[in-house]
Amino acid sequence: QVQLVESGGGLVQAGGSLRLSCAASGRTFSYYAMGWFRQAPGKERDFVATINLSSSDLYYADSVKGRFTISRDNAKNTVYLQMGSLKPEDTAVYYCAASSYTSVDPTLYMHWGQGTQVTVSS
């Protein structure tokens, strides 16, 4: 069992940057692939990025490729999402999640955080 807590969300102007953090409890964090997803009001939860156990395998949604970077620090039990060149359409609640392997499918992630709001103003 792993518990996830996101932080770092907030209000930012278009073109700005934010770094989200997701802190995991428990000693098994390094056993999980991690992912970031986001959900805008009235929309489905969308894949953003995923990273494997050793950080050797990263994958991004086309909408964020080149602007967002996922990383992890297994010693700190934390996964990050560095977001740059933010756009109003990036506004959403951002969730981190843990899975047995990297995937874009949210149904394959068994542990989820509570989410952190990111709002990008135009």
Residues 54-91 vs ring pair (Phe, Tyr, Trp, His ring centres under 6.0 Å), sequence neighbours excluded, gives F47-Y59
Distance check, rounded to the nearest 0.5 Å: [X] atom [atom1] versus [Y] atom [atom2]?
X   : Y   : atom1 : atom2 : result
S71 : Q82 : OG    : CD    : 8.0 Å
L4  : S25 : CG    : OG    : 7.0 Å
T78 : E6  : OG1   : CD    : 12.0 Å
I51 : I70 : CD1   : CD1   : 5.0 Å
S30 : N74 : OG    : CG    : 5.0 Å

The side-chain contact (heavy atoms from CB on, under 4.5 Å) partner of M83 among V48, V118, V64 is V118
Between Y109 and T50, does any side-chain donor sit less than 3.5 Å from a side-chain acceptor?
yes
Can you see which heavy atom on [X] is nearest to which on [Y], and at what distance?
X    : Y    : value
D105 : T107 : OD1-OG1, 2.7 Å
H111 : Y32  : NE2-OH, 3.4 Å
A98  : M34  : CB-SD, 3.7 Å
Y94  : L81  : CD2-CD2, 4.1 Å

Taking side chain as C-beta onward, heavy atoms only, is V5 less than 4.5 Å from Q114?
yes
Contact check, side chains of P106 and W112, non-hydrogen atoms, under 4.5 Å
yes
Q3 atom CD, neighbour heavy-atom count above 12 within 6.0 Å
no
Check the surroundings of atom NZ in K65: do more than 12 heavy atoms from other residues, nucleotides or ligands lie under 6.0 Å from it?
yes
Below 4.0 angstrom, N of the basic side chain to O of the carboxylate: do D90 and K87 qualify?
no
Applying side-chain contact (heavy atoms from CB on, under 4.5 Å) to S122 and not counting sequence neighbours gives P88
When you measure from the side chain of [X] to the backbone of [Y], do you find a donor-acceptor pair of N or O atoms at a distance under 3.5 Å?
X    : Y    : result
R45  : A40  : no
S99  : L108 : yes
T116 : G9   : yes

With disulfide (SG to SG under 2.5 Å) as the rule and sequence neighbours excluded, what pairs involving residues 57-90 come up?
none
Show me the pairs that pass disulfide (SG to SG under 2.5 Å) and involve residues 56-122, at least two apart or across chains.
C22-C96
Which residues pass the salt bridge (charged side-chain N to carboxylate O under 4.0 Å, His left out) test with R19, not counting sequence neighbours?
none
Pi-cation contact, Y95 with R38 (under 6.0 Å, within 45°):
no
Linking I/L/V/M/F/W/Y whenever their side-chain heavy atoms sit closer than 4.5 Å, directly or via other members, would [X] and [Y] fall into one cluster?
X    : Y   : value
W36  : L58 : yes
V12  : L20 : yes
M110 : V2  : yes
L86  : F37 : no

If you apply the rule side chain to side chain contact (heavy atoms under 4.5 Å, CB included), what do you find for F29 with R72, and how did you get there?
CA-CA 10 Å; F29 173 75; R72 66 189 294 164; 3.5 Å; yes
Hits for side-chain hydrogen bond (donor to acceptor under 3.5 Å, both in side chains) against S85, two or more places apart or cross-chain, chain-then-number order -> none
